[in-house]
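The structure under discussion appears below in the form of structure tokens.
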Amino acid sequence: SSLLYKGAAGDSNLQVEQIKELLKEHVDILIVSPNEEEPLTPVVEKAYKEGIPVIVVDRKISSNLYTAFIGGDNYEIGFNAGSYIGNLLKGKGNVIEITGLKGSSPAMERREGFKDAVKRFPDIKIIAEVPGDWLKPIAQSQLQKMNVPLKKASLIFAHNDVMALGAYELYHNRGLDNHVKFVGVDAQPGIQGGIELVSKGILTASLLYPTGGKEAIQTAIEISRKEPVQKENLLQTIVIDSSNVRLMKLQT
């Protein structure tokens with residue numbers, strides 16, 4: 001057996017063409033992390049209707065025509081972030097939310113979960129929603145374009161740690177970071193990963209986002225062996241902050 005890999009670098013149109021190429025090669029199993037829901041749905045459905053088992057990882061399509069979905073529970077991530085932030089700010093403060101790519105399911109679900117959690121804290125206001133597209137430079141440039149002054153925020157919640165770091169750097173360079181907290185999502189190990197950023201005190205917290213890589217390969221093996229697989233596989237999150245970051249660093 002062999003693994004064919006194609007990367008679209010955030011280009012939905014290219015990803016569609018790459019999947020079409022893989023279908024022409026008659027792959028036995030297709031594993032795909034859709035860049036965006038709507039543009040990828042037709043070609044993923046096509047593969048499934050042709051009898052090719054499809055494992056959708058990390059981001060969803062807008063139908064249920066796939067064999068298995070594996071990914072973090074993004075609504076739970078957003079809700080847990082909102083609950084943590086509500087308690088962190090003692091129920092009062094102004095929050096700027098930096099969102100991921102507009103058409104991607106993680107961004108939509110994190111936003112929904114976050115809003116539902118924050119509703120329980122009437123004195124916490126989301127004063128701006130900034131489209132960061134998962135990227136640090138875009139998050140920084142969009143933050144600078146806001147109508148709301150940067151210093152009005154008491155906390156920045158970004159949909160990933162990269163954008164949270166970008167926000168921190170922008171605030172730090174302007175000398176505004178002393179009274180602002182930064183919370184991200186991913187909590188991955190490595191240099192400038194979320195765990196390291198929390199450990200250094202740059203981020204107050206990060207929500208662990210399980211990548212699902214191991215689970216995707218395991219599911220592919222089970223499919224190849226004609227074993228039954230679970231259709232929906234939601235991976236759980238935890239909040240990583242100063243209380244548990246040392247333990248997480250040791251584990252990773």
Side-chain angles (χ1 to χ4, degrees), residues 72-100 106-130 132 134 136 139-140 142-143 146 148-189 192-210 235-249 251-252:
D73 187 336
N74 284 291
Y75 179 88
E76 183 197 21
I77 284 172
F79 192 89
N80 286 2
S83 300
Y84 177 83
I85 287 166
N87 290 314
L88 181 69
L89 297 179
K90 297 182 173 60
K92 187 174 183 178
N94 293 326
V95 176
I96 293 173
E97 182 180 7
I98 306 176
T99 61
M108 291 185 282
E109 290 168 10
R110 288 174 195 182
R111 192 177 180 191
E112 185 181 350
F114 185 65
K115 283 186 172 179
D116 284 351
V118 169
K119 281 177 191 172
R120 300 175 304 152
F121 302 93
D123 292 326
I124 290 185
K125 310 296 181 190
I126 301 173
I127 58 171
E129 291 174 0
V130 177
W134 308 119
K136 183 162 82 167
Q140 288 176 324
Q142 291 295 330
L143 268 174
M146 286 191 314
V148 177
L150 291 174
K151 61 185 177 183
K152 195 173 179 185
S154 41
L155 185 142
I156 309 295
F157 169 55
H159 284 196
N160 70 9
D161 293 328
V162 173
M163 297 189 297
L165 175 60
Y168 166 82
E169 290 175 352
L170 179 62
Y171 271 76
H172 182 70
N173 291 338
R174 297 188 179 191
L176 298 172
D177 58 303
N178 289 336
H179 304 292
V180 181
K181 300 181 189 304
F182 302 86
V183 174
V185 176
D186 280 339
Q188 294 302 305
Q192 295 216 327
I195 291 176
E196 188 67 25
L197 295 174
V198 173
S199 178
K200 288 180 175 178
I202 291 171
L203 301 186
T204 302
S206 178
L207 283 288
L208 175 69
Y209 185 67
L235 309 175
Q236 301 306 300
T237 185
I238 60 168
V239 177
I240 296 173
D241 62 8
S242 59
S243 69
N244 60 0
V245 69
R246 286 188 66 206
L247 176 60
M248 291 303 298
K249 281 188 77 172
Q251 287 182 337
T252 58

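Using a 4.5 Å cut-off on side-chain heavy atoms (C-beta onward), Ile126 and Phe157 make no contact. You'll find the side chain of Lys152 stays beyond 4.5 Å of the side chain of Met146, heavy atoms only. For the pair Asp161 and Gln188, the minimum side-chain heavy-atom distance is 4.5 Å or more. Between Met248 and Val198, the closest side-chain pair of non-hydrogen atoms is not below 4.5 Å. In this structure, Val95 and Leu89 have side chains that are in contact, with non-hydrogen atoms separated by less than 4.5 Å. Side-chain atoms of Phe114 and Thr99, non-hydrogen and from C-beta on, never get closer than 4.5 Å to each other.
Of all heavy-atom pairs spanning Gln140 and Leu170, the tightest one is O-CD2, 3.9 Å. For the pair Asp241 and Ala205, the tightest heavy-atom approach, listed with the atom from each and the gap, is CB-CB, 3.9 Å. Here the closest non-hydrogen pair linking Ala164 and Val183 is CB-O, 4.1 Å. Listed here is the closest heavy atom pair of Lys249 and Glu196: NZ-OE1, 3.4 Å. For Lys92 against Ile124, the heavy-atom pair with the smallest separation is N-CG1, 3.6 Å. Residues Val130 and Ala139 share a closest heavy-atom pair of CG1-O, 4.3 Å.
Rounded to the nearest 0.5 Å, atoms NZ (Lys115) and CD (Glu97) are 7.0 Å apart. Note that CD of Gln236 is 9.0 Å distant from CD1 of Ile77, once rounded to the nearest 0.5 Å. Atom-to-atom distance recorded for Leu247:CG and Ile240:CD1 is 9.0 Å, nearest 0.5 angstrom. Between Phe79 atom CZ and Glu109 atom CD the span is 15.0 Å, to the nearest 0.5 Å. Taken to the nearest 0.5 Å, the CD1 atom of Ile127 stands 10.5 Å off from the CG atom of Leu155. Note that CD1 of Ile156 is 4.0 Å distant from CD1 of Ile96, once rounded to the nearest 0.5 Å.
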Pair Tyr168, Leu197 - check side-chain contact (heavy atoms from CB on, under 4.5 Å), show working. CA-CA 11 Å; Tyr168 166 82; Leu197 295 174; over 6 Å; no
Tell me, with the steps shown, if Ser83 and Arg120 meet side-chain contact (heavy atoms from CB on, under 4.5 Å). CA-CA 8 Å; Ser83 300; Arg120 300 175 304 152; 2.5 Å; yes
What verdict does the side-chain contact (heavy atoms from CB on, under 4.5 Å) test give for Ile85 and Phe121, after you've listed the backbone C-alpha separation in whole Å, the side-chain angles of each residue and the deciding distance to 0.1 Å? CA-CA 10 Å; Ile85 287 166; Phe121 302 93; over 6 Å; no
Does the side-chain contact (heavy atoms from CB on, under 4.5 Å) test come out yes or no for Leu207 and Tyr84, once each step is laid out? CA-CA 10 Å; Leu207 283 288; Tyr84 177 83; 5.9 Å; no
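Judged by distance alone, the side chains of Tyr209 and Asn160 never bring a donor and an acceptor atom under 3.5 Å apart.
The aromatic rings of His159 and Trp134 lie tilted to each other, with the angle between the two planes from 30° to 60°.
With a 6.0 Å radius and a threshold of 12 heavy atoms from other residues, nucleotides or ligands, Lys181 has its NZ atom at or below the threshold. Residue-environment remark: CZ (Arg246) stays at or below the threshold of 12 foreign heavy atoms within 6.0 Å.
For Asn244 (side chain) and Val239 (main-chain N/O), a donor-acceptor pair under 3.5 Å exists by modelled atom type.
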